[in-house]
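Structure record follows, encoded as structure tokens.
In this chain, residues are counted from 1 in sequence order. What you see below is based on every heavy atom in this structure, not just the backbone, and it leaves out hydrogens, waters and symmetry mates.
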Amino acid sequence: MTPPVFAHGSLRLYLLALLEEQPRHGYELIQALTERFGGTYTPSAGTIYPRLSKLEEEGLVTKSTDGRKTVYEITAAGRAELESRRHELDGIENEVTDSVRRLADGVRAEVNEAMRSLRAELASAAREAKRAATDATASSASTGGASSAAGSADRGRIDVERALQDADLAVAAFRQQLRTDLRTHRDRVRPEAVTMLKARLEQVRADVLATFTER
């Protein structure tokens, strides 16, 4: 089970610290937290707004309407509480740093595992295709004749089509699984993970192409 990003009560204090910097609406608070976590964690609206409502009930923040947006601003009481608990903010920053590292490790592990699976599937398909081609050549050599040659050619084409189908299935399965993973962990998707994914996919493609020139 993944540990919570913030310890009990820490997010509440962290929101006050963000509002001390400047008034913000809810989405801006979500964006600010996402930036602090390097994109590895994005709190949901269901996480942020109930806490803002609680802070408002306690008189620690006020809200006003700016067009269609609701802007939250820290009050004097909020500043006083934040000041009295200022020493706790360093601990919260350490929590954030640890959480960023943990979430980033999770992203890397998930991508690495997916890429290992894809490479294994494609390597297996390539080996099967080579084995089928070798068997077809041996069969042609042992039987001889135009009819046998034609039969071997047909078998070769069938084996190639089967290998292509296996490769298509492997790629499709990987794509579907990764799409599911991205949706499941949408709050953790960050640009660095996408860059890493693209680089690994290019490497897999290069590895597969290299098998086409093997003798």
Donor-acceptor contacts, no H, no angles, side chain residues 62-72, under 3.5 Å, sequence neighbours left out:
none

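Nearest heavy atom pair, residue Leu16 against residue Ile74, reads O-CD1, 3.7 Å. Residue Arg24 comes nearest to Leu18 through the heavy atom pair NE-O, 3.1 Å, listed as atom of the first residue, atom of the second, then distance. Among all heavy-atom pairs drawn from Pro43 and Thr34, the shortest one is CD-OG1, 4.3 Å. Shown here for Pro50 and Ala45, the closest heavy-atom pair between the two residues is CD-O, 3.7 Å.
Under the 4.5 Å side-chain contact rule for hydrophobic residues, Tyr27 and Leu33 do not share a cluster.
Shown here is Arg205, whose CZ atom has no more than 12 heavy atoms of other residues, nucleotides or ligands within 6.0 Å. With a 6.0 Å radius and a threshold of 12 heavy atoms from other residues, nucleotides or ligands, Arg79 has its CZ atom above the threshold.
Atom CD1 of residue Ile48 and atom CG of residue Leu15 lie 5.0 Å apart, to the nearest 0.5 angstrom. Between the CD atom of Glu81 and the CZ atom of Arg12 there is a distance of 4.5 Å, given to the nearest 0.5 Å. Atoms CG and CD, on Leu197 and Glu202 in that order, are 10.5 Å from each other to the nearest 0.5 Å.
With Glu28 contributing its side chain and His25 its backbone, the two residues share a donor-acceptor pair below 3.5 Å. Side-chain atoms of Arg51 do not come within 3.5 Å of backbone N or O of Leu11 as any donor-acceptor pair.
When side chains are defined from C-beta on, Lys54 counts as touching Glu58, because their heavy atoms get closer than 4.5 Å. Looking at heavy atoms from C-beta onward, Val204 lies out of side-chain contact with Phe174 at the 4.5 angstrom threshold. Leu89 places a side-chain heavy atom less than 4.5 Å from the side chain of Arg86. No side-chain heavy atom of Leu60 sits less than 4.5 Å from a side-chain heavy atom of Leu19.
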